[in-house]
There are 2 protein chains.
Amino acid sequence: MNDSRPIRAKSGTNHEGTSAHNRRVMIDALRINGALSRADLARATRLTKQTVSNIIEELERDGLVNSQEAVRKGRGQPSTPYRLVPEGAFAIGLQIDRHVTRAVAVDLLGSVLVRAEAGLPPGGPSTGAKVILDLVAGVRSKLAGIVQQSETRLVGLGVAMPGPFGIDGSGDDPWMMGAWQKFPLLETLTAGTGLDVGLQNDAAAAATAERMVGAAHGLDHAVCLFVGYGIGAGLILNGELYRGANGNAGEIGMALLFAEGKSTPLEHRASLASLYQYLSADPADPDLHAHINDLASGGDPGIDTWIETAAADLRWSIHLIETIFDPQTVILCGSAPEALVNRLIAAIGPLLPSIAERRGRTLPRLQPGMADPWSVALGAAAGPIGRAFDPHFAAILKDSR
Amino acid sequence: MNDSRPIRAKSGTNHEGTSAHNRRVMIDALRINGALSRADLARATRLTKQTVSNIIEELERDGLVNSQEAVRKGRGQPSTPYRLVPEGAFAIGLQIDRHVTRAVAVDLLGSVLVRAEAGLPPGGPSTGAKVILDLVAGVRSKLAGIVQQSETRLVGLGVAMPGPFGIDGSGDDPWMMGAWQKFPLLETLTAGTGLDVGLQNDAAAAATAERMVGAAHGLDHAVCLFVGYGIGAGLILNGELYRGANGNAGEIGMALLFAEGKSTPLEHRASLASLYQYLSADPADPDLHAHINDLASGGDPGIDTWIETAAADLRWSIHLIETIFDPQTVILCGSAPEALVNRLIAAIGPLLPSIAERRGRTLPRLQPGMADPWSVALGAAAGPIGRAFDPHFAAILKDSR
DNA sequence: TTATTAAGTCAATTATCTTGACTTATTACT
DNA sequence: AGTAATAAGTCAAGATAATTGACTTAATAA
């Protein structure tokens with residue numbers, strides 16, 4: 001006689017939620033616009049001067065902002081601009097890839113202060129977990145050597161690895177990292193570091209990085225098409241990373257393409273993995289990156305066919321993304337060698353006609369993102385920083401269960 | 001010497017924002033769970049009993065909730081459940097389609113109280129605008145005849161029509177409604193009705209309807225695949241309709257399919273329009289709906305080929321949606337005749353393997369939505385009601401500019 | 001030199017949620 | 001039957017954080 005299925009409801013909010021939101025909004029405004037005076041902040045956020053003053057004082061006490069030289073601009077009292085203090089917070093970012101793992105320490109503004117890399121032994125998590133924990137510990141202690149108080153200002157550890165997550169049958173598909181998917185990674189890292197740990201897939205991390213310091217900075221609707229070992233899309237929707245119901249949103253690499261009479265996942269045709277296969281190269285070869293860069297920049301005809309099909313498929317993907325998401329811009333990111341990315345971008349154009357062709361566009365339809373092998377780790381670190389400081393709905397609500 | 005580009009920032013919030021959010025959260029909880037006591041609400045929303053009591057009193061004064069018979073359930077004082085009052089608010093929904101326009105009056109719970117339909121003369125907005133305004137006025141006065149105080153409780157007019165919006169070259173594409181796109185519809189309706197007017201495309205409206213009273217009720221991540229004259233997807237992401245940067249998100253009908261050696265927009269192959277073309281039927285024929293229903297239910301072999309290709313394309317679309325959005329469920333909606341929808345659903349299965357196949361699923365991957373020609377108008381009306389009463393980020397912020 | 005303008009502060013006020021003690025109504029236990 | 005336990009809900013005071021309007025400060029324009 002128990003009719004009590006759990007009651008579902010969104011969480012309410014209170015004064016603390018209000019003030020937390022207002023603090024975040026001010027930090028966000030400083031991040032997007034650079035230094036601003038209290039009066040500027042009041043106008044921009046629609047808060048009163050007094051409220052802004054109170055919050056600025058609090059942020060200054062917390063070491064998150066500081067004042068700069070007053071600037072005279074016409075009549076009236078000169079304004080005192082405030083800016084974010086880079087050393088106000090730090091985060092560790094960790095990228096786990098097929099054959100390599102990278103860790104970075106990043107500050108509030110997204111500058112990378114420490115970076116470290118290690119090869120991942122083929123044994124999977126059983127041996128890899130220790131490598132990863134050592135790498136993180138190393139980065140952390142190096143950071144502590146560079147800046148004081150870094151430990152107390154560490155907001156978390158962000159992890160990025162190829163998705164999708166939580167799928168059953170990925171055990172022996174070499175396209176996925178089956179063994180890692182089953183491993184209790186978050187628990188291990190939380191226990192091993194004592195930090196707040198978050199996880200995203202590599203495309204999402206690339207998008208998070210672009211939003212913090214790249215082409216998506218200050219944008220509310222942007223999609224990063226990530227070309228790496230696999231292919232994914234990192235979705236910035238309404239100013240936040242969109243994760244989907246199970247954290248797998250954007251796994252566009254598994255979208256099916258119909259070509260040559262059969263259906264093939266996109267990432268079997270246009271990813272680096274497909275290029276390795278096309279070249280019969282060993283993905284674990286440490287010189288491969290440089291080799292491919294040479295091939296691409298040297299105009300080796302042996303790579304042209306692959307570039308052509310891949311570009312055609314990416315052109316289609318961009319059209320699809322524009323059609324489905326209606327973003328302000330699409331950003332081409334990836335861990336591909338720079339020369340290859342340039343060749344791809346050149347080969348992708350001109351873009352297919354789409355609803356993105358509209359009067360009054362200010363942003364290009366397609367932009368190159370960061371071509372830096374560290375950008376995924378940077379994005380991983382940007383996760384905890386965003387969670388701690390960016391305005392978003394969940395941050396207003398009372399602690400979610 | 002003017003370096004002042006506008007400062008961009010999100011809006012802050014204040015006490016009013018807090019209380020507005022908490023009111024919305026309580027309304028949402030009552031909508032999802034049915035009647036709840038103050039104590040239940042306090043637990044579910046994580047607000048204090050006292051706060052809940054205050055807000056409930058306010059909502060009761062406003063006529064949005066009322067109390068029911070106290071229920072004894074075990075020890076302790078019996079609880080008094082509160083429920084939403086259907087007559088607490090009303091909205092008008094307007095669907096503008098190619099050859100017909102429909103208007104409904106809907107209450108707070110999404111029940112349709114009044115419905116009216118009119119043919120749209122081929123002249124476009126120049127003659128159609130009056131038809132529409134008359135239709136709305138008629139529905140409105142009928143509503144006033146049924147319930148008292150309906151006018152003061154009218155929260156707005158929601159409009160649904162085929163997208164995409166704001167595109168240049170749609171003037172003579174017969175697949176779009178070019179003339180209507182250029183017409184200042186919102187301004188005309190605002191001026192003609194004095195109501196708050198909102199616009200969404202028909203797929204979005206279908207999703208809004210499913211979320212209020214259909215298969216997406218209480219879900220935070222659901223995608224409605226809408227098969228009508230065109231094809232679109234209505235996106236419920238993070239519990240809200242996602243619109244994209246320009247209100248055109250989800251226009252999946254323009255996604256390109258590669259088949260038979262050429263690329264074709266999805267909606268040229270799987271929409272009702274494509275069926276009309278396949279049958280060489282006149283879309284303006286008022287008997288067409290019934291005729292197609294007969295064809296589909298009678299098992300006429302003449303329609304089989306179309307159903308087969310359309311189902312294959314829809315199967316692919318569902319796979320794409322699952323892959324890209326990672327929703328809790330996909331809902332097949334549309335203005336197609338019921339027999340046709342049933343045939344399509346039967347022909348679509350089995351679904352392609354995707355990341356949506358996971359242990360512990362509770363919802364089906366694909367569900368049928370409302371098969372009611374009035375559901376788009378209902379969804380249009382659900383727009384203003386959601387804007388007025390559902391919890392969402394924007395509602396917390398101070399008036400956006 | 002003075003009026004004007006804009007930035008920023010001060011002190012009182014207001015809106016709203018929280019707290020903890022209290023009341024009420026019911027069932028469970030002895 | 002009487003009493004303890006439990007849960008719903010109220011009361012009144014308190015805490016938090018934004019708002020208001022007058023005021024101060026510091027610059028330029030006339």
Side-chain angles (χ1 to χ4, degrees), chain A residues 1-2 4 7 11-26 35-62 65 67-82 395-399, chain B residues 1-2 4 7 10-26 35-61 65 67-82 395-399:
Chain A
M1 203 80 211
N2 186 0
S4 61
I7 296 170
S11 167
T13 186
N14 57 13
H15 304 313
E16 281 179 49
T18 301
S19 105
H21 172 70
N22 288 342
R23 269 201 309 273
R24 284 167 184 262
V25 163
M26 306 229 323
L36 292 176
S37 69
R38 300 181 183 200
D40 283 339
L41 282 165
R43 279 184 295 264
T45 61
R46 325 199 114 219
L47 294 166
T48 60
K49 286 186 294 181
Q50 187 56 59
T51 300
V52 169
S53 271
N54 295 340
I55 295 178
I56 280 286
E57 260 165 53
E58 193 186 306
L59 292 175
E60 197 164 18
R61 267 201 310 282
D62 290 351
V65 307
S67 59
Q68 295 180 294
E69 202 71 348
V71 291
R72 290 179 297 274
K73 44 177 186 227
R75 250 177 220 192
Q77 175 169 332
S79 63
T80 307
Y82 286 79
I396 292 179
L397 312 182
K398 299 179 114 182
D399 303 345
Chain B
M1 202 79 209
N2 185 0
S4 60
I7 296 170
K10 296 204 161 62
S11 167
T13 186
N14 58 12
H15 304 313
E16 281 179 47
T18 302
S19 104
H21 172 70
N22 288 343
R23 269 202 310 273
R24 284 167 184 262
V25 163
M26 305 226 328
L36 292 175
S37 68
R38 301 182 182 201
D40 284 339
L41 282 164
R43 278 185 295 264
T45 62
R46 325 198 114 218
L47 293 166
T48 60
K49 285 187 292 182
Q50 188 55 59
T51 300
V52 169
S53 272
N54 294 341
I55 295 177
I56 279 287
E57 261 166 51
E58 193 186 305
L59 292 174
E60 198 164 19
R61 267 201 310 281
V65 307
S67 59
Q68 295 180 293
E69 201 73 347
V71 292
R72 287 179 299 274
K73 44 177 187 228
R75 250 176 222 192
Q77 176 169 330
S79 63
T80 308
Y82 286 79
I396 292 180
L397 312 182
K398 298 179 116 183
D399 302 345

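For the numbers below, each heavy atom of this structure counts, side chains included, while hydrogens, waters and symmetry mates do not. Numbered from 1 within each chain, the chains take letters A, B, ... in sequence-line order.
Residue-level contact check: A/T51 touches the bases, meaning some heavy atom is under 4.0 Å from a base atom. A/N54 comes within 4.0 angstrom of nothing in the nucleic acid, heavy atoms only.
Comparing D/dA8, C/dA7, D/dA18 against the side chain of B/H15 picks out D/dA18 as the nearest. When each of D/dA27, D/dA7, C/dT16 is scored by its nearest atom to the side-chain atoms of A/P78, the top-ranked nucleotide is D/dA27.
Atom OG1 of A/T13 is separated from atom CG of B/N22 by 6.5 Å, given to the nearest 0.5 angstrom. The CG atom of B/L47 sits 11.5 Å away from atom OG of B/S53, with the distance rounded to the nearest 0.5 Å. Taking CZ of A/R38 as the reference point, atom OG of A/S79 lies at 11.5 Å (rounded to 0.5 Å).
Per the geometry, CZ belonging to B/R43 stands 9 Å off P belonging to D/dA7, to the nearest Å. If you take CD of B/E58 and P of C/dT16, they are 8 Å apart, rounded to a whole angstrom. Atom-to-atom, CD of A/E57 to P of D/dA17 comes out at 14 Å; the value is rounded to the nearest Å. In this structure, the CZ atom of A/R75 is 8 Å from the C1' atom of C/dA3, given to the nearest Å. The NZ atom of B/K398 sits 13 Å away from the C1' atom of C/dA15 (whole-angstrom rounding). The distance between atom CD of A/E16 and atom P of C/dT16, rounded to the nearest whole Å, is 18 Å. Across the protein-nucleic acid pair, A/N22 atom CG and D/dA17 atom P stand 11 Å apart, rounded to whole Å. The nearest whole Å value for the distance from the CD atom in A/Q50 to the P atom in D/dT24 is 16 Å.
Between D/dT10 and B/R38, a contact under 4.0 Å exists linking OP1 or OP2 to a side-chain N or O. Contact annotation: A/S53 reaches the phosphate of C/dT9 (side-chain N/O to OP1 or OP2, under 4.0 Å). Look at A/T80 and you'll find a side-chain N or O under 4.0 angstrom from OP1 or OP2 of C/dG8. Taking 4.0 angstrom as the limit, B/T18 places none of its side-chain polar atoms (N or O) nearer than this to OP1 or OP2 of C/dT16. For A/N14 and C/dT16, the shortest distance from a side-chain N or O to OP1 or OP2 is not below 4.0 Å. Side-chain N/O atoms of B/T48 include none lying less than 4.0 angstrom from OP1 or OP2 on C/dC17. For the OP1/OP2 pair of D/dC23 and a distance below 4.0 Å, the side-chain nitrogens and oxygens of A/K49 include no atom meeting the criterion.
Mapped onto DNA chain C by nearest heavy atom, A/T13 and A/K73 fall at different nucleotides, with A/K73 at the one closer to the 5' end.
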* Worked check of side-chain hydrogen bond (donor to acceptor under 3.5 Å, both in side chains) between B/T18 and A/T18 -> CA-CA 7 Å; B/T18 302; A/T18 301; 2.5 Å; yes
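Looking at B/N54 and B/E58, their side chains never bring a donor and an acceptor atom within 3.5 Å of each other.
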